[in-house]
Each structure stands twice: as structure tokens, then as C-alpha cells.
Amino acid sequence: MPVAGAGIIAREERQTVEAITAALAELGLAPPRPLDLRPIPFAGTWGAATSVCRALASDLVARDLDAAGETDGLSKKEIKRRVNEAVPARSQQLAEQVAAGILAQPERRFAAVEAVNGYVNISFDANAVAARLIGEVLSLGAGYGRGEARPERVMIEHSQLNTHKAAHVGHLRNICLGVALTKIIDAAGYRTMPVTYIGDIGMHVVKCLWCYERFHPGQEPEDPAARGRWLGEIYAESDRRLNFRKDVVAFVQLLSREDQVFVGAIDRLLKYLWRKNTDGEDIAYLLGRVIQAQELKPELFREDDVLPKFWPLLGDQLRDEVENQKPYVPVEGVPDPTTTPEERLETWQRLAADMDDWWYQVPAWQDEVKETFQRWERKDPDFVALWETTRRWSLDDLGRIFGEFGATFDHWFFESGAEEPGRAMVQDLLERGIAEISDGLPVVKIDQKLGLTTETYRTLPILRSDGTTLYATKDLALTRQKFDEFGVDRALWVVDLRQSLYFQQIKKILELAGYERAADAEYVGYEWVALPEGVISSRKGNVPLFADLERETLERAHAVIAEKNPDLPADDKERVARQVGLGAIQYAMLARDNTKVIVYDPEEALSFDGHAAPYVQYAHARACRILERAERTDEATAATLDGLDFGTLEPTELALLQAIAALPDEVQRAAAEFRPLVIASHVYDLAKRFNDFYHACPVLQSEEPTRTARLALVAATRRALANELGLLGIAAPEEM
RNA sequence: GCGCCCGUAGCUCAGCGGAUAGAGCGCUUGCCUCCGGAGCAAGAGGUCGCGUGUUCGAGUCACGCCGGGCGUACCA
């Protein structure tokens with residue numbers, strides 16, 4: 001509960017606090033807590049209200065009852081009931097006394113002082129405050145909303161993307177969040193240091209390069225800009241190949257769970273297989289498991305080709321189910337199926353295409369990947385060279401994506417650079433007895449070291465048993481480096497919420513090792529992005545890639561602009577389409593609280609109506625157009641501010657002014673809570689109020705001096721909208 | 001088992017212990033000779049998951065349930 005805000009109305013609020021405090025003192029009272037102030041919640045008012053009389057009234061009532069001896073012998077509950085009965089009237093009475101006291105103060109500084117519902121409502125001189133507010137907005141310009149400079153340096157680690165792998169919508173949330181947080185924390189007055197941490201080594205790289213060497217040796221897209229994305233496709237292919245057996249088994253498992261027709265047809269399948277002379281024991285095992293929806297263990301098959309042989313038969317069955325569909329009947333206690341017969345047939349077909357080839361090769365491929373991993377581990381020169389080349393391809397692509405969202409970094413950390421310091425750190429932890437070897441690998445038993453008896457931080461492995469590094473190995477070293485080498489005061493991790501335990505573990509281990517600065521590392525978690533149909537998973541093959549999303553959104557933005565503003569020159573159309581399209585994506589990622597799962601609905605994201613960035617951008621463009629038509633620059637407007645006269649302010653004007661005035665406080669709150677949502681909500685509210693205003697109040701057609709006053713308000717609004725969109729990393733087009 | 005997150009309108013979500021809980025989408029009905037209709041106005045739609053506390057006051061804080069999601073020693 002801020003007593004005085006950070007913006008222009010802070011002065012009004014200070015005066016209000018002083019007046020109330022003085023009036024209370026006259027009555028021999030003091031507020032029990034710091035005086036609470038909030039805007040008067042009625043349309044058509046501009047001022048501050050306090051509920052202090054309600055809090056005081058309950059004390060007074062209780063005291064009076066007690067003094068009058070009326071509480072003797074009553075139960076606690078009954079006393080409370082009596083107090084509650086009397087509080088409303090008493091607080092209103094008190095509020096009236098306070099209001100009268102303020103009005104009696106020699107210097108009458110307020111437009112109105114009223115007692116309503118036990119609140120004291122103090123109205124500002126709206127015309128005067130409006131002129132001061134608009135003056136401040138216009139003179140500060142892009143700096144309106146910024147807080148006072150603070151010496152503290154905050155490092156913000158975000159956008160931890162991988163090379164050799166495509167970015168998807170989940171990464172997008174991280175980028176948008178990181179960019180917005182950096183800008184917001186900067187605007188709050190801190191010195192920011194945005195950094196990223198790129199996963200340029202690890203199993204995904206090995207798999208990608210294995211697949212590249214094995215199936216696409218020497219290949220390379222013509223267009224250099226497409227190489228990074230192409231590499232991502234190679235990785236996806238490696239994943240499909242290496243997981244082929246797992247995918248097949250998972251699919252059969254899924255059928256046994258939710259395809260009742262299939263399970264019911266087992267008998268037929270059994271006869272068929274028997275006629276084909278397939279090994280009886282495997283069949284018995286397979287069918288037995290399927291019919292009871294139990295876990296399949298392919299390694300228990302005596303013959304390796306049971307599933308390939310089984311496959312055509314399975315296809316016949318699935319085709320039959322599609323052709324002769326029966327209406328779905330829910331069964332008590334059986335979960336509804338997550339797939340339709342068509343989808344099941346489609347999956348079967350996709351797997352069938354490679355069954356006879358891939359099924360038999362998977363074990364050999366897996367061995368090859370292990371060999372490839374060894375080449376990385378012993379720094380095989382050819383392999384390292386290939387890694388360096390392809391890494392560059394990916395980094396170029398990442399640079400393009402970062403550029404698109406305005407992500408800039410003061411430093412890039414790489415996993416490849418953190419391995420050695422990490423190993424040294426593990427060695428040190430082992431020598432000091434903080435880490436120990438357990439089951440053949442170095443771990444830190446955190447709870448035990450902290451003397452905790454309830455499991456809290458558990459145990460964290462910090463190096464693999466074969467000596468290769470884990471994420472933890474590297475993060476331990478990296479976190480120290482942030483403070484020791486970069487000298488920051490605080491370090492933020494912007495990372496998926498699912499890793500919250502992990503980051504607590506890292507902090508605790510560093511604290512155990514005596515690095516007190518670990519306490520200044522903070523974790524900003526965010527929930528993941530899901531699709532309307534459910535979880536995003538590479539297994540289900542439903543991962544919406546950033547590249548696809550971007551293309552679809554930009555196409556849609558082009559179409560909308562062509563329809564809404566056909567006269568725009570082609571270059572502007574192109575630019576505005578990018579601003580609107582990317583803005584819509586960014587807003588969708590930011591207008592949800594960090595801890596909430598974003599259900600990403602492509603349909604909704606592509607509609608630019610309603611609660612979305614284009615609505616705000618449109619309000620900005622409208623404001624620009626009004627000012628343009630009035631031929632009024634900000635400088636010209638600033639010259640009109642002396643004696644600015646709105647006459648009697650309309651409710652929509654007051655509402656708009658209040659939203660503009662609130663911006664600096666909103667920035668502080670968003671920064672303190674690490675929540676860009678605060679800004680996203682506020683800027684939408686601001687745009688909405690602007691819409692209300694210009695529909696209710698003519699600007700260009702109104703009479704002087706109202707016309708000049710309203711133009712000044714439009715200028716301030718435009719500035720506030722642009723600044724807030726800027727804090728979110730979203731462009732503010734002047735026309736669209 | 002233990003821990004973290006979520007539960008507010010049909011759906012997706014806001015809501016800083018305070019006055020009559022708000023948006024968007026969808027639905028119904030109006031509004032372009034009028035600063036750009038990516039807009040505006042009006043209507044319908046709520047046991048704020050349940051319970052017990054704390055408080056003058058609880059959607060908001062605490063505790064306990066219920067429901068869903070995610071973690072929980074060699075993934076990142």
C-alpha cells in the first residue's frame with residue numbers, strides 16, 4: 001500500500017495525507033497503520049480516499065462499549081457482533097468530523113472533501129493537476145514512467161535457447177518475458193545487464209550431428225539464412241529415427257488404453273497371427289499385455305520382428321474402425337479417448353512408412369550416437385570442426401529471432417564454456433566434503449548437509465558417473481561467475497517453473513560452499529505454453545515451431561492491413577504488418593500471469609480483435625492521427641499548458657488522466673514483482689479509456705479552450721501508450 | 001509420500017485487505033455524410049472450488065480439504 005506514488009500525483013497525495021493526519025490529530029487520534037490512500041472509485045471523480053475511519057471506528061466503538069460496561073459478561077463473539085453493528089455509523093460520523101476538520105484548515109487546498117460510507121474522499125483541483133500531469137508527460141517524453149536512478153545492477157538471464165534445435169512457442173514466452181522484464185526493471189531505475197545462456201553442446205547436438213553426417217553429409221541449404229532452421233529439422237529427424245521403436249510401442253500402448261474396438265478385436269488378430277506362423281509366445285505376451293492395458297516391454301520379445309509383422313494387421317483394423325465408425329459411448333470409470341479413429345490411423349500410417357526399414361536399424365543407430373558422443377568427449381578435430389560450423393549456423397538464426405523481438409544481450413554465456421569451470425567446482429566441493437560420491441557419481445545431499453530431517457532440497461547429482469557434465473555442473477560455476485566476474489548485485493534466472501526445485505538446489509549448494517552471494521540470485525519462473533488440445537510434446541508431434549507461428553501471423557497481419565488500410569504504401573504495409581503481427585504474439589505471451597499456463601490458441605492469436613496488442617496499437621495510431629490533423633507537435637502543445645482549461649472535466653477525461661498518472665507506480669510494481677502482466681493490463685486499460693474518451697468527447701470539433709486542453713490530453717495519452725508498449729518490447733506504429 | 005503452481009461468467013483471463021467483482025471471445029440488439037468501425041453503446045451471463053479461522057472489512061491473508069497440472073539423484 002503505497003502512501004505516496006512515484007508520479008505527479010504524489011504531491012497531491014502527500015498533501016492529502018498531511019491534511020488527514022492533521023485533522024485526526026485535532027480529534028486526538030492517530031492512524032493505527034500507515035495511512036492508506038486509494039483513488040476514489042467513482043466515475044467522474046479525481047482524488048484520494050482513505051478508509052482510516054473504519055479502522056479507527058472499530059477501536060473507538062470497542063472502547064466506548066467497554067467503558068460503558070456494556071460488554072460485561074458477554075461472549076467474545078457477542079462483543080464482536082455488537083462492535084460490528086456500531087462500526088458503520090461510527091466510522092461515517094468520524095469521517096464527517098475528519099472532513100470538517102480538513103475544510104477548517106486555513107489553507108483550503110482541495111476541490112472537495114466529503115465523507116461517504118465511512119470513507120473520507122478528497123478531490124483534487126482536476127484542471128490544475130491535469131495541466132501539471134500533461135506537462136510532466138510531455139517534458140519527460142520517452143522518460144515518462146521512469147523511476148529514480150538506483151545504483152543496483154541486476155543481471156537478467158533469459159532466452160536460454162539451444163543451437164541445433166528449432167525454437168518453439170515455449171521459448172517465445174521466455175524471450176518475450178525476458179525482454180519485457182529487462183526493459184521494466186531498467187525503467188524502474190535499476191542498471192540492467194541482460195544475458196543469455198546458449199545450449200550449444202549436449203546430447204541434442206550430438207544427435208543432430210550424427211543424423212547430419214549419417215544421412216545428409218555435406219548438405220547445406222542454398223540460402224545461408226535458412227541453415228539454422230534446416231539444422232533444427234535435422235535434429236527433429238534424428239529424434240524421430242532414434243525414438244522410432246519407442247514411438248511404435250507408445251502407440252500400441254495408447255491403442256490398448258483407449259481404443260475399445262481394437263482391444264475387442266484381439267481374438268481375430270490372434271487367429272490371423274497364428275495362421276501366419278509367428279512365434280506363439282511373443283504373440284501371447286503382446287496380446288495379453290494389450291488386452292489388459294499393461295506396459296509393453298519390447299525387450300521381452302523373443303523375436304525382434306513381432307511388431308513389424310503385427311503392423312499391417314493393425315492397419316487393417318484401424319482402417320476398418322474409420323470406415324465403420326460407431327458412435328462413441330462413454331463407459332463409467334474409463335477415461336475419454338484423447339484421439340479419434342482418424343488420428344489413430346494417421347499415426348499408424350506415419351509409422352508404417354518407415355517400419356520395415358527403421359525398426360531394425362534403431363539399435364545400431366543408438367550405438368552410433370554413443371560413438372559420436374565419444375568423439376565429442378575426446379575432442380575429435382573433425383567433429384569439433386563440424387560442430388563449430390553448424391553452431392554458427394544456429395547462432396545466426398538465433399540472432400535473427402532475438403533481433404525480431406528486440407532482445408539484446410550484454411553477454412552471451414555458452415554451455416561449452418562453462419564445462420571446465422564446472423568440473424573444477426565439483427572437484428572443490430568434493431575436496432571440501434560438501435559433495436560426496438554416491439552410487440558412483442558426485443552428488444550433494446543437501447538436506448543432510450543442512451541438517452534437515454524433512455525432505456526439502458533432496459539430493460542433486462553434480463556430475464555424471466562417466467565424468468561428463470550436467471546442467472548443474474555448469475550452473476554452479478556460472479552463478480558464481482555472475483557475481484565474481486561481472487560484479488552484479490542481483491542475478492535473475494528467467495526459466496520455466498518446472499525447474500524451481502533445481503534452482504533452489506543450486507542456491508543451497510552455493511550457500512553450503514560459503515558463497516553468500518547466492519542469496520542474491522533470484523528465480524523468476526513462468527508456466528509453460530499449452531495448446532487447446534493439451535500438452536505440447538515432441539512425442540505427440542504437436543510442437544508449434546516459432547518459425548511456423550511467425551509466418552502464419554505475418555501472413556494474417558498482411559491480409560488484415562490490406563483490408564483495413566489498402567491505401568498504405570507497400571513499404572509501410574510491410575513494416576506495419578511486422579509490428580502488428582509480432583506485437584500480437586508478444587502481447588499474448590505477456591498478458592498472462594507468469595504462474596499461469598498459457599493456452600495458446602492459434603485461432604485466437606491470429607484474430608487481432610479485442611484484448612490484444614493491435615487494439616492498443618490502434619489507439620496509439622488514432623491519437624497520432626488526431627494530433628497530425630491538428631498540426632500540433634508535442635512542443636507546440638507544451639506551450640499551451642499554462643492555464644490549460646478543460647472546463648468541467650468529463651468522466652472519460654478524468655478516467656483517462658488517472659490512467660496516465662498511474663504509469664510510474666505501475667512500472668515500480670511490475671519491476672518489484674517481476675510481472676510484465678502489470679504493464680500489459682495497464683496499457684490495455686489506458687487504450688480502452690482513450691477509446692471511451694474520444695468517442696464521448698470531440699477533440700478537433702470542440703470549442704476553445706476545451707479544444708486545446710483535449711489536444712494536450714491526446715498528446716499525453718499518445719506518449720503514455722508508446723512508452724508502455726515500449727516497456728513490453730512492442731512497437732507503436734503511427735498508422736496501421 | 002513430499003514439494004511447487006493453478007481453481008473467479010459458457011470459454012480465455014484481470015482483479016495492490018476496502019465502497020456495486022471486471023475485460024476479451026462467443027451470444028442478442030443498435031451505431032459509419034460525424035477526429036480511421038482493428039472501434040463504440042446496450043443486454044443476457046457469477047454459491048469467486050469447499051470449509052474453518054484472522055480482521056471493523058476476505059475473491060485477496062492463514063490453516064485444512066477437494067479437483068487439475070508439474071516436479072521429486074546421473075533430462076535440460
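Within every chain, numbering begins at 1; the chains are lettered A, B, ... in the order of the sequence lines, protein sequences first and strands thereafter.
Pair check for B:rA44 finds none; no Watson-Crick or G-U wobble contact set falls under 3.5 Å. Under the Watson-Crick and G-U wobble criteria, each requiring two contacts below 3.5 Å, nucleotide B:rU20 is left unpaired. Pair assignment for B:rC2: B:rG71, on the basis of Watson-Crick or G-U wobble contacts that are both within less than 3.5 Å. Using Watson-Crick or G-U wobble geometry with both donor-acceptor distances under 3.5 Å, B:rA62 finds its partner in B:rU52. With a 3.5 Å ceiling on both atom-pair distances, the Watson-Crick or G-U wobble partner of B:rG39 is B:rC31.
Between A:N691 and the phosphate of B:rC40, there is a side-chain N or O to OP1/OP2 separation shorter than 4.0 Å. Residue A:R464 has a polar side-chain atom (N or O) positioned under 4.0 Å from OP1 or OP2 of B:rC75. Side-chain nitrogen and oxygen atoms of A:K474 include none within less than 4.0 Å of the OP1 or OP2 phosphate oxygen of B:rC75.
If you check B:rG15, B:rA41, B:rA73 against the side chain of A:D692, the one that comes closest is B:rA41. In this structure, the nucleotide among B:rC13, B:rC70, B:rA73 sitting nearest to the side chain of A:R498 is B:rC70. Set against B:rC74, B:rA19, B:rG24, the side chain of A:L470 has B:rC74 as its closest nucleotide. Closest approach to the A:E415 side chain among B:rC2, B:rA76, B:rA14 is made by B:rA76 (side chain taken as heavy atoms from C-beta onward).
In B:rC63 the O4'-C1'-N dihedral to the base is more than 90° from 0, which defines an anti nucleotide.
Within the nucleic acid shown, A:N117 comes within 4.0 Å of at least one base atom, counting heavy atoms only. Using a 4.0 Å heavy-atom criterion, one finds that A:V83 contacts no nucleic acid atom at all. Counting any heavy atom pair closer than 4.0 Å across all strands shown, A:V116 reaches a base atom. A:S438 comes within 4.0 angstrom of a nucleotide base, judged by non-hydrogen atoms across all strands. Here A:R675 lies in heavy-atom contact (under 4.0 Å) with sugar-phosphate atoms only. Note on A:A472: nothing from the nucleic acid sits closer than 4.0 angstrom, heavy atoms only. Residue-level contact check: A:K688 touches the backbone only, with heavy atoms under 4.0 Å from sugar-phosphate atoms and none from bases. In this structure, A:Q499 reaches the bases: a heavy-atom distance under 4.0 Å links it to at least one base atom across the strands shown.
In this entry the distance linking CG of A:L463 with P of B:rA76 reads 12 Å, nearest Å. The interatomic distance linking A:Y457 (OH) with B:rC2 (P) rounds to 18 Å, in whole Å. In this structure, CD of A:E666 is placed 10 Å from P of B:rG15, rounded to the nearest angstrom. Whole-Å rounding puts the A:R38 CZ to B:rG15 C1' distance at 13 Å. Atom CD1 in A:I462 sits about 15 Å away from atom P in B:rC75, given to the nearest Å. For the pair A:E85 CD and B:rG57 C1', the computed distance is 16 Å after rounding to whole Å. Distance CG (A:L656) to C1' (B:rC40): 16 Å, rounded to an integer number of Å. What separates CG of A:D36 from P of B:rC56 is a distance of 15 Å, to the nearest Å.
Partners of A:Y523 according to the ring pair (Phe, Tyr, Trp, His ring centres under 6.0 Å) rule, which considers only residues two or more places apart in sequence or in another chain, are A:F503. In terms of the ring pair (Phe, Tyr, Trp, His ring centres under 6.0 Å) criterion, residue partners of A:F413 (sequence neighbours excluded) are, by chain and number, A:H411, A:F486. Taking the salt bridge (charged side-chain N to carboxylate O under 4.0 Å, His left out) definition, one finds that A:D64 meets it with nothing, sequence neighbours left out. Residues satisfying the ring pair (Phe, Tyr, Trp, His ring centres under 6.0 Å) criterion with A:Y587, sequence neighbours excluded, are A:H611. Taking A:E455 as the reference, A:R458 meet the salt bridge (charged side-chain N to carboxylate O under 4.0 Å, His left out) condition, with sequence neighbours excluded. For A:H682, there are no ring pair (Phe, Tyr, Trp, His ring centres under 6.0 Å) partners, not counting sequence neighbours.
For B:rA19, the base has a donor-acceptor partner in the side chain of A:N121 [N/O atoms by modelled type, under 3.5 angstrom]. For B:rA23, its base never sits under 3.5 Å from the side chain of A:S681 at any donor and acceptor pair.
Residues A:E419 and A:K474 are not paired through a salt bridge, judged by the lack of any N-O separation under 4.0 Å between the basic side chain and the carboxylate.
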Residue pair A:V714, A:V699: steps toward the side-chain contact (heavy atoms from CB on, under 4.5 Å) verdict | CA-CA 9 Å; A:V714 173; A:V699 177; 4.2 Å; yes
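Side-chain polar atoms of A:D475 and A:Y197 form no donor-acceptor pair below 3.5 angstrom.
Within residues 50-58 of chain A, the residues having any heavy atom closer than 4.0 Å to RNA chain B are, in order of number, A:S51, A:R54, A:A55, A:S58.
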Give every pair of a protein N or O atom and an N or O atom of nucleotides 4-7 of chain B that lie under 3.5 Å apart, one pair per line with the distance.
from: B:rC5; atom 1: O2'; to: A:T595; atom 2: O; distance (Å): 3.1
from: B:rC6; atom 1: OP1; to: A:T595; atom 2: OG1; distance (Å): 3.4
from: B:rG7; atom 1: OP1; to: A:K596; atom 2: NZ; distance (Å): 3.1

Where do N or O atoms of nucleotides 35-38 of chain B meet protein N or O atoms at under 3.5 Å, pair by pair?
from: B:rC35; atom 1: O2; to: A:L700; atom 2: N; distance (Å): 2.9
from: B:rC35; atom 1: N3; to: A:V699; atom 2: N; distance (Å): 3.1
from: B:rC35; atom 1: N4; to: A:Y694; atom 2: O; distance (Å): 2.2
from: B:rC35; atom 1: N4; to: A:C697; atom 2: O; distance (Å): 3.1
from: B:rG36; atom 1: O2'; to: A:Y618; atom 2: OH; distance (Å): 2.3
from: B:rG36; atom 1: O2'; to: A:R622; atom 2: NH1; distance (Å): 2.9
from: B:rG36; atom 1: O6; to: A:M736; atom 2: N; distance (Å): 3.3
from: B:rG36; atom 1: N1; to: A:M736; atom 2: O; distance (Å): 2.5
from: B:rG36; atom 1: N2; to: A:M736; atom 2: O; distance (Å): 3.0
from: B:rG37; atom 1: OP2; to: A:R622; atom 2: NH1; distance (Å): 3.0
from: B:rG37; atom 1: OP2; to: A:R622; atom 2: NH2; distance (Å): 3.3
from: B:rA38; atom 1: OP1; to: A:Y618; atom 2: OH; distance (Å): 3.2
from: B:rA38; atom 1: OP2; to: A:K564; atom 2: NZ; distance (Å): 3.1
from: B:rA38; atom 1: O4'; to: A:K564; atom 2: NZ; distance (Å): 3.4

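The aromatic rings of A:Y235 and A:H204 stand perpendicular to each other, their planes meeting at an angle above 60°, with 30° marking the opposite boundary.
Screening residues 37-60 of chain A for salt bridge (charged side-chain N to carboxylate O under 4.0 Å, His left out), with sequence neighbours left out, gives A:D36-A:R38. The stretch residues 556-569 of chain A participates, sequence neighbours left out, in these side-chain hydrogen bond (donor to acceptor under 3.5 Å, both in side chains) pairs: A:H558-A:E574. Listed by first then second residue, pairs satisfying salt bridge (charged side-chain N to carboxylate O under 4.0 Å, His left out) with a partner in residues 579-599 of chain A read A:D593-A:R675, not counting sequence neighbours.
A 4.5 Å side-chain heavy-atom check between A:T196 and A:E157 finds every atom pair outside the cut-off. Between A:R718 and A:L627 there is a side-chain heavy-atom pair separated by less than 4.5 Å.
The stacking criteria are not both satisfied for A:F42 over the base of B:rA19, which would need a centre-to-centre distance under 5.5 angstrom and an angle between ring planes under 30 degrees.
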